[in-house]
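All figures in this text were calculated on a predicted structure; none of them were measured in a lab.
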Amino acid sequence: MLHELLRVPITGSSLLVPVYVIAALLAGWALVGPLHERHRLRRAAVRVGGAAVGAAIGLVAVWWTGDVQDDFGVQFTPVTRMWIAFAFAGVALLLVVAVQGGWLARVLAVAAAGALVLSAGLGVNVDFGFYKNIEQAIATNPYRTRDLPVLADQPSSQPEVDAADWHAPAGMPTKGETISVSIPGKVSHFRARKAVVWLPPAAQVADPPRLPVLVALSGQPGQPADMFQTGDLGSFLDRYAAAHDGLAPIVVSPDQLGAPNRNPMCVDSRRLGRSATYVMTDTVDWIEHHLPVASGPGAWGITGFSQGATCAMQFSTEHPDVFGSALAISSELAPVTGNAHTSTALAFGGSAAAYRAAAPVAIMAAHGPYRDHLTVFGYGSEDAPYRASTETLHAAAVRAGMQTQVIVSPGSAHDWNTVRYVLAHGLPVVLAHLGLPQQEGAL
């Protein structure tokens, strides 16, 4: 029973409409009643005024933290601003009623404030396209843990997959399998959380062929499971595999952060840890020794969202000998935590030159021209800052000789709605470049 309750969708109208209606009724009742006849209008006016002031404070707080201070690194959409204003209005109403007195009025104000805050949380969640159910919000990595053997102990007799000659063997699973694994930081000593691995049907047979591999990086804050739980990466690839005899890339989502709110910027530093070495040495070596993957940059790709997209751009541009394909969704121009000054001090020993050299635009200028290298860029049409950064990165990639494509998610901003749209439309291009069968249309 509890398991089913945790999986109830929290983004559909069947839940949202009743919550919104109840919140509106409670708020209306708390605003105008119960009030004694004497001073009814004056007290109601004070409550309405208090709620309005609270909403105004909420809007100012969003403007200051989001637009002026840029604490979140993204611009909030009008929908999110509206919901935050409602939440602040509910809290302000509660405070006004608490001062005015009356036990019934206070009970109603508490209920109204709670309902408005819940409505705001649900509304913001829908706008960002993050949690689909309660289980997703409380289980950061729901996938069962497996220890994969070293391939040297169980060598694959199969060559790298040839899509033209591949035929699904009898008994092959119909869907991919998502598991949780530990990738130790043997060289980097980076303290990473468990990674997530997605195995396509073709990788689950007794003697699997060597398949292309896609490294997937979450945004920050985030965790490795985000690209699967929220980004639906496994679902998109299941659709692809179903149309192509179980073929799809093996996906590995390592933890380049170390904790949800940490941002080591995918570089090696004394203060933040050796995140770059963890991904490019520890994770790459682990993949090669534990998974039946093809070799060479033509069979290796990397993708990510936001901070993860910035990392994907850093790694794919600096290591074209490892990654021949990249799918960057809402990438920043450079690795950053807070601002450029803070980032330079934390990760680059105060060297502005070293910080500038770590930006993907600078890396592309230094390493170009690139040969047989694909980068697909994506962003939301309502995401002005990341539209600007993507346009700059795209221009630099073209100058560096890369094959490129830009995908714009209509009506979305810096959120997971954008991620899902770009994955659906960008993955087919990347998969074809990895040597897998051409997919007609979006996934």
Query raised in the report: When rounded to the nearest 0.5 angstrom, what is the spacing between NE2 in His367 and CG in Asp321?
Result: 8.5 Å
**Report entry** Shortest non-hydrogen separation from Ala216 to Ser253 and the atoms involved
**Finding:** O-OG, 2.9 Å
Report task. May I ask you to test the Leu327-Val422 pair for a side-chain heavy-atom distance under 4.5 Å? Result -> yes
Report summary line: Taking every heavy atom of Gly246 against every heavy atom of Met172, the minimum-distance pair comes out as CA-CE, 3.7 Å
**Report entry** Separation between CZ of Arg371 and CD of Gln403, rounded to the nearest 0.5 Å
**Finding:** 11.5 Å
Query raised in the report: Has the side chain of Arg191 got a donor or acceptor atom that lies under 3.5 Å from a matching backbone atom of Gly273?
Result: no
Query raised in the report: So do Val150 and His290 actually touch side chain to side chain, heavy atoms under 4.5 Å?
Result: yes
Query raised in the report: Any donor and acceptor pair, going by atom type alone, linking the side chain of Asp255 with main-chain N or O of Arg193 inside 3.5 Å?
Result: yes
Query raised in the report: Can you tell me if CG on Asp147 sees more than 12 non-hydrogen neighbours from other groups inside 6.0 Å?
Result: no
Query - Approximate separation, where rounding is to 0.5 Å, of Leu436 CG and Leu427 CG - result: 11.0 Å
Please tabulate, one pair per line, all N/O donor-acceptor pairs under 3.5 Å involving side-chain atoms of residues 182-190, not counting sequence neighbours.
unit_1	atom_1	unit_2	atom_2	d
Ser188	OG	Phe190	N	3.1
Ser188	OG	Asp282	OD2	2.6

Query raised in the report: Excluding sequence neighbours, so at least two apart, what forms side-chain contact (heavy atoms from CB on, under 4.5 Å) with Phe323?
Result: Val215, Met280, Trp300, Ile302, Phe315, Ser316
Query raised in the report: Can His319 and Gln314 be said to form a side-chain contact (heavy atoms from CB on, under 4.5 Å), step by step?
Result: CA-CA 8 Å; His319 301 280; Gln314 292 167 240; over 6 Å; no
Query raised in the report: Within a strict 4.5 Å, meaning less than it, do heavy atoms of the Ser343 and Met265 side chains meet?
Result: yes
Requested in this report: Measure across Thr283 and Pro254 and return the closest heavy-atom pair with its distance rounded to 0.1 Å.
Outcome: OG1-CB, 3.8 Å
Query - Close side-chain approach of Leu393 and Leu333, heavy atoms under 4.5 Å - result: yes
Query - Gap separating the OG1 atom of Thr303 from the CG atom of Leu423, nearest 0.5 angstrom - result: 5.5 Å
Query raised in the report: Can you name the closest pair of heavy atoms from Arg387 and Ser381 and give their distance?
Result: NH1-O, 3.4 Å
Query raised in the report: Is a side-chain donor or acceptor of Asn263 paired with a backbone partner of Val336 at a separation under 3.5 angstrom?
Result: yes
Donor-acceptor pairs under 3.5 Å, side chain of residues 344-356 to any protein atom, not counting sequence neighbours: which ones?
unit_1	atom_1	unit_2	atom_2	d
Thr344	OG1	Ala340	O	2.7
Ser351	OG	Ala354	N	3.1
Tyr355	OH	Pro335	O	3.1

Report summary line: The ring-ring contact (aromatic ring centres under 6.0 Å, His included) partners of His394 (sequence neighbours excluded) come to Phe377
**Report entry** Beyond-backbone contact of Thr230 with Val419, side-chain heavy atoms, under 4.5 angstrom
**Finding:** no
Query - Any donor-acceptor N/O pair, Asp268 side chain to Ala276 backbone, under 3.5 Å - result: yes
Report summary line: Distance col, row Leu118:CG vs Ile22:CD1, nearest 0.5 angstrom, shows 9.5 Å
Query raised in the report: Distance-only, no hydrogens or angles: does the Asp415 side chain make a donor-acceptor pair with backbone N or O of Thr418 under 3.5 Å?
Result: yes
Query - Stepwise side-chain contact (heavy atoms from CB on, under 4.5 Å) test for Met364 and Met313 - result: CA-CA 9 Å; Met364 283 186 273; Met313 288 301 301; 4.1 Å; yes
Query raised in the report: Any side chain to side chain donor-acceptor pair (under 3.5 Å) pairs touching residues 232-243, not counting sequence neighbours?
Result: Lys132-Asp232
**Report entry** Val284/Val279 under side-chain contact (heavy atoms from CB on, under 4.5 Å): CA gap, chis, key distance, verdict
**Finding:** CA-CA 7 Å; Val284 169; Val279 175; 5.7 Å; no
**Report entry** Donor-acceptor under 3.5 Å (Ser275 side chain, Pro264 main chain)
**Finding:** no
Query raised in the report: Are the side chains of Glu160 and Ser295 in touch, meaning some heavy atoms are under 4.5 Å apart?
Result: yes
Query raised in the report: Under 3.5 Å, is there a donor-acceptor pair between the side chain of Gln256 and the main chain of Leu217?
Result: no
Query raised in the report: If you take all heavy atoms of Leu237 and Ala248, which pair is closest and at what distance?
Result: O-CB, 4.3 Å
Query raised in the report: Is there a side-chain contact (heavy atoms from CB on, under 4.5 Å) between Asp226 and Gln223 once you walk through the steps?
Result: CA-CA 6 Å; Asp226 285 350; Gln223 49 270 327; 2.7 Å; yes
**Report entry** Ser412 and Ser409: side chain donor to acceptor below 3.5 Å
**Finding:** yes
Report task. State whether the number of non-hydrogen atoms from other residues, nucleotides or ligands found under 6.0 Å of His341 atom NE2 is greater than 12. Result -> no
Query raised in the report: Is the distance between the ring centroids of Phe305 and His414 less than 6.0 Å?
Result: yes
**Report entry** Distance, nearest 0.5 Å, that separates CG of Leu25 from OH of Tyr20
**Finding:** 15.0 Å
**Report entry** Close side-chain approach of Leu434 and Ser325, heavy atoms under 4.5 Å
**Finding:** yes
Query raised in the report: Taking the side chain from Tyr379 and the backbone from Ala388, do they hold a donor-acceptor pair closer than 3.5 Å?
Result: no
Query raised in the report: Does a salt bridge link Arg146 with Glu177, judged by any charged N lying under 4.0 Å from a carboxylate O?
Result: yes
Query raised in the report: Side chains of Thr178 and Leu199: does their closest heavy-atom pair fall under 4.5 Å?
Result: no
Query raised in the report: What closest approach, in Å, do Lys194 and Thr145 show between heavy atoms, and which atom pair accounts for it?
Result: NZ-OG1, 3.0 Å
Query raised in the report: So, Thr404 side chain and Thr375 main chain: donor-acceptor pair closer than 3.5 Å or not?
Result: no
**Report entry** Sequence neighbours excluded, every pair satisfying salt bridge (charged side-chain N to carboxylate O under 4.0 Å, His left out) that has a member inside residues 421-443
**Finding:** none
